K.L.:
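Take a look at the following structure, please.
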Amino acid sequence: MANERQFSAVQSGLIERYRTWLPIESGDPVVSLGEGSTPLVQAPVLSARFDCEVWIKVEGANPTGSFKDRGMTMAVSKAKAEGAQAVVCASTGNTSASAAAYAVRAGMKPIVLLPQGKIAKGKLAQAIVYGAQIVQVDGNFDECLTVARKLAEAYPVALVNSVNPFRLEGQKTAAFEIVDALGDAPDLHVMPIGNAGNMPAYWRGFKQYADAGKATKRPRMWAVQAEGAAPLVLGHPVLNPETIATAIRIGNPASADLANAARDESGGQFTAVSDEQILAAQRFLAAHEGIFVEPASASGIAALLAAHAAGELESGQRITITVTGNGLKDIDTALSGIDIRTEVVAPEAMAVADAIGLA
Ligand code: F0G
């Protein structure tokens, strides 16, 4: 009991909420920061524009600001149960932030491999402040992951990338939450995809709930990449992936087979959007729906806006969109190309009214 208290949070996390659906044993420690139970927010402006019922699953509301916490509570709890002293991961930023937080929470040492210069500053700050041992690698994410796998084979460190099967088990709970909130599965679920763990995790969640009679249907799964890093759309790896959406700057997704199966079984699709479309969607979502997400997270919105503009989005659907990470993680990209007003006025109502055109 004392041991359990040591790891618990006031808001119990997703392991407690969905324990019977997860491969967690009664004696396993639960390493939690109160993750999950994130807001599912109605999107009135998108709903009106698409003539659909649109809901946004705001995963940036997790403890470290991204959906990775769902997988990490499971992976780190299991690593702790197995007696691991250290965890290792390759990351485009969010996995490293999450791994670092959950590892220190469990009294373990976090080691993170990052593609040098390609990590949003907020995520790097997280890894630093959580106290991770950071190794910047002169290579991209795919190369980092290859090295992380080899380290975990050769040394006593637990790999907590999404190739760790417990990660996807934790992440499937987001699909449970959507069905629990709406009373059924949506017609269509849209989300970004990078290393391809999260989309099959959702598919598993939707399938398990439908099989158990908790939903009457399963959604079509639509996963979105950036044009410069679109191996799943192209059907082959991309050697030098490039996009401003650094979270999904991935050329050789580790779980491509699972993602292809999820697309096929669900009757879904992979599409790609340009960096410009991603930035426009990021601003649209913030300015119209009040939700500020990081660039990668806006790719699903971008794809829907593009499909609607092309007359390819069927009306009358119930659509859920996962936005995967918080906008504050990458303010450099959010502010790029924006002329920030530098005018300074006197602390007087008249002066301010004048400056904003009220006077
Ligand atoms: N959105 C964000 C914000 C991400 O950080 C990631 C992946 C994805 C979407 C794609 O999810 O890889 O399961 O298909 N980020 C990983 C990381 C690669 O290292 O943080 P996926």
Side-chain angles (χ1 to χ4, degrees), residues 57-62 64-72 75 88-101 110 112-115 118-120 122-124 126-127 132 134 137 140-145 148 159-164 167-168 170-172 174 190-204 221-226 229-233 241 243-260 262-263 270 273 278 281-282 292-303 321-330 333:
K57 183 68 170 159
V58 185
E59 287 291 273
N62 275 298
T64 76
S66 85
F67 73 95
K68 304 290 180 180
D69 296 343
R70 292 183 186 274
M72 219 48 84
V88 65
C89 68
S91 183
T92 57
N94 283 323
T95 298
S96 57
S98 186
V112 306
L113 308 186
L114 306 176
K118 297 293 181 182
I119 299 294
K123 302 174 189 179
L124 189 59
Q126 287 182 288
I134 299 168
V137 175
N140 61 30
F141 168 84
D142 306 292
E143 293 165 303
C144 289
L145 182 55
L159 183 68
V160 293
N161 278 105
S162 58
V163 292
N164 176 320
R167 281 276 312 274
L168 300 205
Q171 287 170 213
K172 77 184 179 188
V190 188
M191 61 196 302
I193 190 163
N195 206 31
N198 206 29
M199 181 261 206
Y202 270 72
W203 179 236
R204 187 182 298 174
M221 300 292 296
W222 181 357
V224 185
Q225 303 200 286
L232 294 163
V233 178
T243 168
I244 51 106
T246 51
I248 51 171
R249 185 176 170 273
I250 292 171
N252 193 9
S255 300
D257 290 349
L258 290 179
N260 283 324
R263 176 200 53 189
F270 299 136
V273 288
I278 287 173
Q282 180 189 38
F292 180 28
V293 302
E294 65 168 289
S297 305
S299 59
I301 307 286
I321 311 164
T322 295
V323 290
T324 43
N326 194 300
L328 294 173
K329 283 173 173 274
D330 186 6
T333 305

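Numbering of ligands and ligand atoms starts at 1, following listing order. Throughout, numbering of the chain's residues begins at 1 and tracks the sequence. Just so we're clear, the structure is a prediction, and the values are computed from it rather than from any experiment.
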K.L.:
Among protein heavy atoms, which lies nearest atom 4 (C) of ligand 1, and at what distance?
P.N.:
Ala247 CB, 3.6 Å
K.L.:
Who's the nearest protein heavy-atom neighbour of atom 2 (C) of ligand 1, and how far?
P.N.:
Thr324 OG1, 3.3 Å
K.L.:
Which bit of Met199 gets closer than 4.0 Å to ligand 1, counting heavy atoms only: side chain, backbone, both or neither?
P.N.:
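Neither part.
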K.L.:
Do any N/O atoms on Lys68 end up under 3.5 angstrom from N/O atoms on ligand 1?
P.N.:
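Yes - when backbone and side-chain N and O of Lys68 are compared with those of ligand 1, one distance drops under 3.5 Å.
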K.L.:
Please name the residue in the list Thr324, Asn94, Thr322 that meets the side-chain contact (heavy atoms from CB on, under 4.5 Å) test with Phe67.
P.N.:
Thr324
K.L.:
Please state whether Ile250 comes within less than 4.0 angstrom of ligand 1, counting heavy atoms only.
P.N.:
yes
K.L.:
Give the residue, atom name and distance (to 0.1 Å) of the protein heavy atom nearest atom 13 (O) of ligand 1.
P.N.:
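Checked against all protein heavy atoms, atom 13 (O) of ligand 1 sits closest to Asn198 N, 2.9 Å.
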K.L.:
To the nearest 0.5 Å, what is the distance between CD (Gln282) and CD1 (Ile301)?
P.N.:
11.0 Å
K.L.:
Which residue supplies the protein heavy atom nearest to atom 5 (O) of ligand 1, what is that atom called, and how far is it?
P.N.:
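Answer for atom 5 (O) of ligand 1: Asn94 ND2, 2.8 Å.
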K.L.:
Starting from atom 10 (C) of ligand 1, which protein heavy atom do you reach first, and at what distance in Å?
P.N.:
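Looking only at protein heavy atoms, the one closest to atom 10 (C) of ligand 1 is Gly194 N, 3.4 Å.
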K.L.:
Which distance, rounded to the nearest 0.5 Å, do you find between the CG of Asn161 and the OG of Ser91?
P.N.:
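Reported value, rounded in 0.5 Å steps: 7.5 Å.
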K.L.:
List ligand 1 atoms under 4.0 Å from Ile248, heavy atoms only on the residue side.
P.N.:
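Contacts of ligand 1 toward Ile248, numbered from 1: 8 (C), 9 (C), 10 (C).
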K.L.:
Considering only non-hydrogen protein atoms, determine which one is nearest to atom 12 (O) of ligand 1 and report residue, atom name and distance to 0.1 Å.
P.N.:
Asn195 N, 2.7 Å
